[in-house]
*Asks:* 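First the structure, then my questions, so here it is.
What you see is a predicted model; the values in this text were computed from it and never measured. Counting convention: from 1, in listed order, for ligands and their atoms alike. Residue numbers count from 1 along this sequence.
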Amino acid sequence: MNTLIVGAGALGGVITGRLLDAGVEVALATRDRTSSDRLLTSGIRISGVEGDVMVDVNRVAPLSDYRGQSFDLVLLATKAQSAIELAPQLIPLLAPGGTLLPIQNGGIPRLLADEVGEEYVLGGLSNLGATMITHGVYEQRNAGHILIGELRGGNSGRTIAVDQWLAQGISVRTTCNFRGSMWSKLLLNCSVTTIGAIVGCTMREYVQLPLGREVFEKIYSEVLNVVLALGEQPETMLVEPIPPCRTGSGDTSQAYEGWFQKIVDNYGDTKPSMLQDFERGRSTEIDFINGYVVGLGKQNGINVEFNEVIVAIVKAIAGGDTRPSADHLSAIIARAS
Ligand SMILES: NC(=O)C1=CN([C@@H]2O[C@H](COP(=O)(O)OP(=O)(O)OC[C@H]3O[C@@H](n4cnc5c(N)ncnc54)[C@H](OP(=O)(O)O)[C@@H]3O)[C@@H](O)[C@H]2O)C=CC1
Ligand SMILES: CC(C)(CO)C(=O)C(=O)O
């Protein structure tokens, strides 16, 4: 399966490195020649969960150099904004019957399918947490996997083929309810990723702070209200999307505690991708995460006040008006009440 991975950031780097290390030949596309030249010299180094890797990258070039070539699989590992811009340029790179596999957070696979046609797009998302330390040097932060499935639901030949191909080097799972998985991931991104970014640490660290857990519960619960009001059926991924005995915030029953700990154990040690964006001075994906939910909540008359505050704080940090800090936790509780 002739494969092109677009984007040599945290996830693109880890996925490419692990596939090459397993002997799976893939090509890598960077934004520009400076980045591809650097990778040609440095190769890819991965440390962390799932073992260390040091591998040469022979097929790496700026995306524009691949014009005229054709690939059976294009795995799109850029941020959401770039994915939307790039998708139309990637379709001509697909061989007949070829697949575009986006793995961004938020509702990106659906947006791309609407833009370029569902026949080209296989739904993808990442439960794998990765950090780019510097160009060519990556850390895998959890034992996560890439989840793939048809946007319309059900199974398909291409889901099976892509799964078998990628599973040679990385952990992959398939789902017949990709839409439900997308919502479950969004629940986690709105809470685990965004709150971690605002505070400037991992989830495991922020839930130990005063108000950390309360803010998590408020945000998660508001997003869940929107998801359920829309009639969506969030799917169990590593954790159940609907907490047991959903009795509201402050629940300390054993079942709830077990559910909460499972989230911390699976996602609590990953450095949030949005925090990496702040640190690199990059634009964030907030409009596709909490911002997306706020829009849907408002359209449907559902209270999303805590998420609105979260969006405002992320925009203030991104705009340089404030910095990630634990102080935002009390501001969220105070301003939303
Ligand atoms: N990192 C993580 O742990 C997780 C990330 N995700 C999601 O995965 C997606 C990717 O995240 P992540 O890997 O962290 O992001 P990064 O910002 O680390 O990587 C994105 C890469 O895409 C490259 N890129 C941007 N535009 C182009 C272009 N036109 N052509 C080629 N390459 C381009 C960037 O290059 P340049 O550096 O030149 O801008 C960068 O290397 C996001 O949607 C994120 O939310 C989901 C789960 C976990
Ligand atoms: C893995 C997780 C949930 C961690 O925040 C994530 O998706 C991200 O950082 O983008």
Side-chain angles (χ1 to χ4, degrees), residues 4-16 27-36 38-39 48-49 60-66 74-90 93 101-109 111-112 124-147 182 184-199 201-206 216 237-239 263-264 266-289:
L4 177 67
I5 295 174
V6 179
L11 276 186
V14 166
I15 293 168
T16 305
L28 178 60
T30 56
R31 187 200 292 275
D32 53 37
R33 198 163 303 282
T34 311
S35 307
S36 58
R38 237 177 340 214
L39 281 163
V49 180
V60 56
L63 182 58
S64 51
D65 280 19
Y66 291 99
V74 174
L75 190 155
L76 183 48
T78 64
K79 292 287 191 189
Q81 294 88 337
S82 310
I84 291 168
E85 283 160 29
L86 284 180
Q89 300 170 44
L90 298 177
L93 296 182
L101 176 65
I103 54 167
Q104 287 70 29
N105 284 330
I108 296 300
L111 274 168
L112 297 191
L125 59 81
S126 174
N127 278 313
L128 197 153
T131 306
M132 186 172 106
I133 295 159
T134 181
H135 294 276
V137 183
Y138 308 92
E139 187 182 1
Q140 186 172 334
R141 300 290 288 261
N142 68 357
H145 58 270
I146 302 294
L147 186 74
M182 215 184 70
S184 299
K185 182 73 202 297
L186 200 54
L187 275 156
L188 294 167
N189 286 132
C190 287
S191 48
V192 176
T193 312
T194 307
I195 303 170
I198 282 176
V199 178
C201 62
T202 65
M203 179 193 186
R204 193 183 293 280
E205 289 162 342
Y206 87 67
F216 168 85
M237 292 200 298
L238 295 175
V239 283
I263 296 186
V264 178
N266 279 295
Y267 299 100
D269 299 312
T270 297
K271 185 172 192 175
S273 54
M274 197 182 287
L275 179 55
Q276 298 178 50
D277 295 337
F278 287 152
E279 289 173 353
R280 296 204 140 84
R282 291 185 171 164
S283 58
T284 73
E285 295 178 311
I286 191 67
D287 290 335
F288 302 95
I289 302 178

*Asks:* When rounded to the nearest 0.5 angstrom, what distance separates CG in L39 from CG in L28?
*Replies:*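 Answer for the CG-CG pair, L39 versus L28, is 6.0 Å.
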
*Asks:* Is it the side chain, the backbone, both or neither of L128 that has a heavy atom closer than 4.0 Å to ligand 1?
*Replies:*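 Near ligand 1, L128 shows its backbone, while the atoms from C-beta on stay back.
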
*Asks:* Among all protein non-hydrogen atoms, which one is nearest to atom 13 (O) of ligand 1, and what is the separation to 0.1 Å?
*Replies:*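 The closest one turns out to be L11 N, 2.8 Å.
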
*Asks:* Given K185, Q104, R141, which has its nearest heavy atom closest to atom 7 (O) of ligand 2?
*Replies:*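 The nearest heavy atom belongs to K185.
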
*Asks:* Determine whether Q81 and E285 make a side-chain contact, defined as any pair of heavy atoms from C-beta on separated by less than 4.5 Å.
*Replies:*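 In contact.
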
*Asks:* Against heavy atoms of K185, which atoms of ligand 1 measure under 4.0 Å?
*Replies:* 46 (C), 47 (C)

*Asks:* In the protein, which heavy atom is nearest to atom 20 (C) of ligand 1, and how far is it?
*Replies:* A77 O, 3.6 Å

*Asks:* Name the closest protein heavy atom to atom 30 (N) of ligand 1, giving the residue it belongs to and the distance to 0.1 Å.
*Replies:*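 Among all protein heavy atoms, the one nearest atom 30 (N) of ligand 1 is R31 CA, 3.6 Å.
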
*Asks:* What's the shortest distance from atom 1 (N) of ligand 1 to any protein heavy atom, and which residue and atom give it?
*Replies:* A130 O, 3.0 Å

*Asks:* About how many Å separate OG1 of T16 and CG of L75, when rounded to the nearest 0.5 Å?
*Replies:* 8.0 Å

*Asks:* I'd like to check which ligand 1 atoms, numbered from 1 as shown, lie under 4.0 Å from a non-hydrogen atom of S82.
*Replies:* 25 (C), 26 (N)

*Asks:* I need the S36 OG to R31 CZ distance, nearest 0.5 Å.
*Replies:* 13.0 Å

*Asks:* Measure the shortest side-chain to side-chain distance between L147 and K185 over non-hydrogen atoms and say whether it is less than 4.5 angstrom.
*Replies:*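 The answer is no, as the side chains (C-beta and beyond) never meet within the 4.5 Å cut-off.
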
*Asks:* About how many Å separate CE of M132 and NZ of K271, when rounded to the nearest 0.5 Å?
*Replies:* 11.5 Å

*Asks:* Decide whether an N or O pair under 3.5 Å exists between Y267 and ligand 2.
*Replies:*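 N/O-N/O distance under 3.5 Å: no.
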
*Asks:* For N142, which part has a heavy atom under 4.0 Å from ligand 2: side chain, backbone, both, or neither?
*Replies:* neither

*Asks:* Which atoms of ligand 1 are found less than 4.0 Å from any heavy atom of I103?
*Replies:* 8 (O)

*Asks:* Is the closest heavy atom of M132 to ligand 1 under 4.0 Å?
*Replies:* no

*Asks:* Measuring only between side-chain heavy atoms, which start at C-beta, is F288 closer than 4.5 Å to I84?
*Replies:* yes

*Asks:* Provide the number and element of each atom of ligand 1 under 4.0 Å from a heavy atom of L86.
*Replies:* 28 (C), 29 (N), 30 (N)

*Asks:* Suppose I only count heavy atoms of S273 and a 4.0 Å limit; which atoms of ligand 2 are within that range?
*Replies:*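 Counting atoms of ligand 2 from 1, those under 4.0 Å from S273 are 8 (C), 9 (O), 10 (O).
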
*Asks:* Could you name the option among L275, T193, N266 that has the heavy atom nearest to atom 5 (O) of ligand 2?
*Replies:* T193

*Asks:* Less than 4.5 Å apart, any side-chain heavy atom of M203 and any of I195?
*Replies:*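 Side chain of M203 against side chain of I195, heavy atoms only: no contact under 4.5 Å found.
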
*Asks:* At a non-hydrogen distance cut-off of under 4.0 Å, which region of R282 contacts ligand 1 (side chain, backbone, both, or neither)?
*Replies:* side chain

*Asks:* Please answer whether the main-chain N or O of G129 pairs with a side-chain N or O of N142 as donor and acceptor at a distance below 3.5 Å.
*Replies:* yes

*Asks:* Looking at R141 and D269, does any basic side-chain N land under 4.0 Å from a carboxylate oxygen?
*Replies:*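 Salt bridge: no.
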
*Asks:* Heavy-atom distances under 4.0 Å decide this one: backbone, side chain, both or neither, for A8 against ligand 1?
*Replies:* backbone

*Asks:* Under a 4.5 Å cut-off applied to non-hydrogen side-chain atoms, are H145 and L238 in contact?
*Replies:*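 The answer is yes, as the side chains (C-beta and beyond) meet within the 4.5 Å cut-off.
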
*Asks:* What is the closest protein heavy atom to atom 11 (O) of ligand 1, and at what distance does it sit?
*Replies:*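 Sorting protein heavy atoms by distance from atom 11 (O) of ligand 1 puts K79 NZ, 4.0 Å first.
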
*Asks:* Answer yes or no: is there a donor N or O on one side and an acceptor on the other, between the side chain of E139 and the main chain of I133, under 3.5 Å?
*Replies:* no

*Asks:* Judged by non-hydrogen atoms, does K271 sit under 4.0 Å from ligand 1?
*Replies:* no

*Asks:* In the protein, which heavy atom is nearest to atom 44 (C) of ligand 1, and how far is it?
*Replies:* E285 OE1, 3.4 Å

*Asks:* Closer than 4.0 angstrom: is that true for some heavy atom of D32 and an atom of ligand 1?
*Replies:*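 Heavy atoms of D32 never come under 4.0 Å of ligand 1.
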
*Asks:* Against heavy atoms of Q104, which atoms of ligand 1 measure under 4.0 Å?
*Replies:* 43 (O)

*Asks:* Who's closest to atom 6 (C) of ligand 2 heavy-atom-wise, of L128, N189, L125?
*Replies:*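 Result: the heavy atom closest to atom 6 (C) of ligand 2 is in N189.
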
*Asks:* For residues I289 and T193, determine if any side-chain heavy atom of one lies less than 4.5 Å from a side-chain heavy atom of the other.
*Replies:* no

*Asks:* OG1/T30 to CG/D65 distance, rounded to the nearest 0.5 angstrom?
*Replies:*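 One gets 8.0 Å once the value is rounded to the nearest 0.5 Å.
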
*Asks:* Suppose we measure from atom 18 (O) of ligand 1 to each protein heavy atom; which comes out shortest, and what is that distance?
*Replies:* A10 N, 2.9 Å

*Asks:* Could you see which bit of T30 sits under 4.0 Å from ligand 1, with heavy atoms only: side chain, backbone, both or neither?
*Replies:* backbone

*Asks:* Using only atom types and a distance under 3.5 Å, with no angle test, would you say the side chain of T202 pairs donor to acceptor with the backbone of G268?
*Replies:* yes

*Asks:* Is N105 close to ligand 1, meaning an N/O of one under 3.5 Å from an N/O of the other?
*Replies:*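 Yes, N105 has an N/O under 3.5 Å of an N/O on ligand 1.
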
*Asks:* Using side chain to side chain contact (heavy atoms under 4.5 Å, CB included) as the criterion, point out the one residue from L112, T78, V74 that pairs with L86.
*Replies:*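 Going through the options one by one, the only one that passes is T78.
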
*Asks:* So for ligand 2, is N127 a polar contact partner (N or O within less than 3.5 Å, distance only)?
*Replies:*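 In fact, backbone or side chain, N127 has no N or O that close.
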
*Asks:* Just which atoms of ligand 2 are under 4.0 Å from any heavy atom in P272?
*Replies:* 5 (O), 9 (O)

*Asks:* Is L188 close enough to touch ligand 2? Criterion: a residue heavy atom under 4.0 Å from a ligand atom.
*Replies:* no

*Asks:* Decide yes or no for N127 and Y267: does some side-chain heavy atom of the first lie under 4.5 Å from some side-chain heavy atom of the second?
*Replies:* yes

*Asks:* I'd like to know if the side chain of T194 and the backbone of N189 have a donor-acceptor N/O pair within less than 3.5 Å.
*Replies:*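 A pair under 3.5 Å: yes.
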
*Asks:* Considering non-hydrogen atoms of the protein only, which is the closest contact for atom 24 (N) of ligand 1, and what is the distance?
*Replies:*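 Closest protein heavy atom to atom 24 (N) of ligand 1: T78 CG2, 3.6 Å.
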
*Asks:* What do you reckon, does V6 have a nitrogen or oxygen under 3.5 Å from a nitrogen or oxygen of ligand 1?
*Replies:* no

*Asks:* Can you list the atoms of ligand 1 that are under 4.0 Å from a heavy atom of G129?
*Replies:* 3 (O)

